Protein chains: 2
Amino acid sequence: MTIGQLAQELNIKTQTIRYYENQGLLSKPERTQSNYRIYDQNSIKRLTFIKRAKEIGFSLGDIKTLLEMSDKKVNRCADVKDFAETRLIKIRSRIEDLKSMEMTLSDIIKQCSQPNKTAECPIIESLTEG
Amino acid sequence: MTIGQLAQELNIKTQTIRYYENQGLLSKPERTQSNYRIYDQNSIKRLTFIKRAKEIGFSLGDIKTLLEMSDKKVNRCADVKDFAETRLIKIRSRIEDLKSMEMTLSDIIKQCSQPNKTAECPIIESLTEG
DNA sequence: TGCAACCTTATAGTTAACTATAAGGTAGTA
DNA sequence: TACTACCTTATAGTTAACTATAAGGTTGCA
Ligand SMILES: [Zn+2]
Ligand SMILES: [Zn+2]
Ligand SMILES: [Zn+2]
Ligand SMILES: [Zn+2]
């Protein structure tokens, strides 16, 4: 399987696969005598791992660590769990930030719903006032 | 008021203020005869506007538009509201994405809480399996 | 006068995760 | 033998919002 076929299979760009290889997420693949990369089912598995981990919000750096833990295959459950919990905390904190933004924003939008014709726009006001 | 004093007042870097000026968020300020920028209370107001808008999740591009709407001072309430609503929708959508990540992640973490000693780590499993 | 702490400009680097380009080699088909 | 679609490498560009650096001018104070 060439890089192009692998890319199509997973709906990603060939450059992205090479980029992952450079970043150490994928090991150096075998080559044909004409120096083309060759991949197999294992490569699909690994890239699928990466895609799923990205969907759960892990960064490529995180994913590299996860893959290393997965590769080690020894007594890593606690490590993996700690790692995932750290990520979960970050996601929750980001959600809280966004919720706070959402509340503020929807509040001032509501104030704008019955605008006093003679006054400033409440949204602008709330950003401007002391 | 020099740029350094303004920066200190608002707890931002002088470079950031110049950057905002370059991006068109701040108008070109008056200069002393030695070419130093001079600012007044109005500059503080405008930067405070920017800081608050950032806190609500607006990008600098958004904020530029908001400031322009604010500067126009005519019949802009509906425009501002539309704009804020668009931003609110984006924030909500981002929250939903993160919540979905949170659910998936906390689910697999829970599975890892009672790990079967002989099995793979459920977190790794769930990323690996077909 | 000397020196530190400011100010100016222009340009380049940072971060993450790609994405595009250039310049060229290879494989299969008409 | 062309042509097309692949493949290779290295390098640079993208996005957002700064942040740092270099090289030099200005202000205030001892
Ligand atoms: Zn309004
Ligand atoms: Zn586990
Ligand atoms: Zn070529
Ligand atoms: Zn100097």
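Worth knowing before you read on, the calculation uses all heavy atoms, side chains too, and leaves out hydrogens, waters and symmetry mates. Convention: sequence-line order gives letters A, B, ...; per-chain numbering from 1. It should be emphasised that the depicted structure is a prediction, and the values quoted were computed from it without experimental measurement.
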Query raised in the report: Contacts to DNA chain C from residues 13-32 of chain B, heavy-atom cutoff under 4.0 Å, which residues?
Result: B/Arg18, B/Arg31
[X] has a side chain; which of [options] sits nearest to it?
X       : options               : value
B/Leu60 : C/dC6, D/dA17, D/dT9  : D/dA17
B/Ile3  : C/dC7, C/dA17, C/dT26 : C/dC7
B/Ser34 : D/dT26, D/dT8, D/dC7  : D/dT26

Any ion pair linking [Y] and [X] (charged N to carboxylate O, less than 4.0 Å)?
X       : Y       : result
A/Glu55 : A/Lys51 : no
B/Arg46 : B/Asp71 : yes
B/Glu30 : B/Arg37 : no
B/Glu85 : B/Lys81 : yes

Report task. Could you walk me through whether A/Asp62 and A/Lys54 pass the salt bridge (charged side-chain N to carboxylate O under 4.0 Å, His left out) test, one step at a time? Result -> CA-CA 9 Å; A/Asp62 288 343; A/Lys54 274 170 61 68; over 6 Å; no
Short side-chain N/O contact to [N] OP1/OP2 from [X], under 4.0 Å:
X       : N      : result
B/Lys64 : D/dA17 : no
B/Lys51 : D/dA17 : no
A/Arg37 : D/dT8  : yes

Query raised in the report: How is the base pairing of DNA chain C summarised as a dot-bracket string, given the Watson-Crick and G-U wobble criteria with both distances under 3.5 Å, [ ] for crossing and | for another strand?
Result: ||||||||||||||||||||||||||||||
Find every protein N or O atom lying less than 3.5 Å from an N or O atom of nucleotides 13-15 of chain C, and list the pairs.
none

Query raised in the report: B/Phe58 and B/Ala84: which non-hydrogen atoms are nearest, and at how many Å?
Result: CZ-CA, 4.2 Å
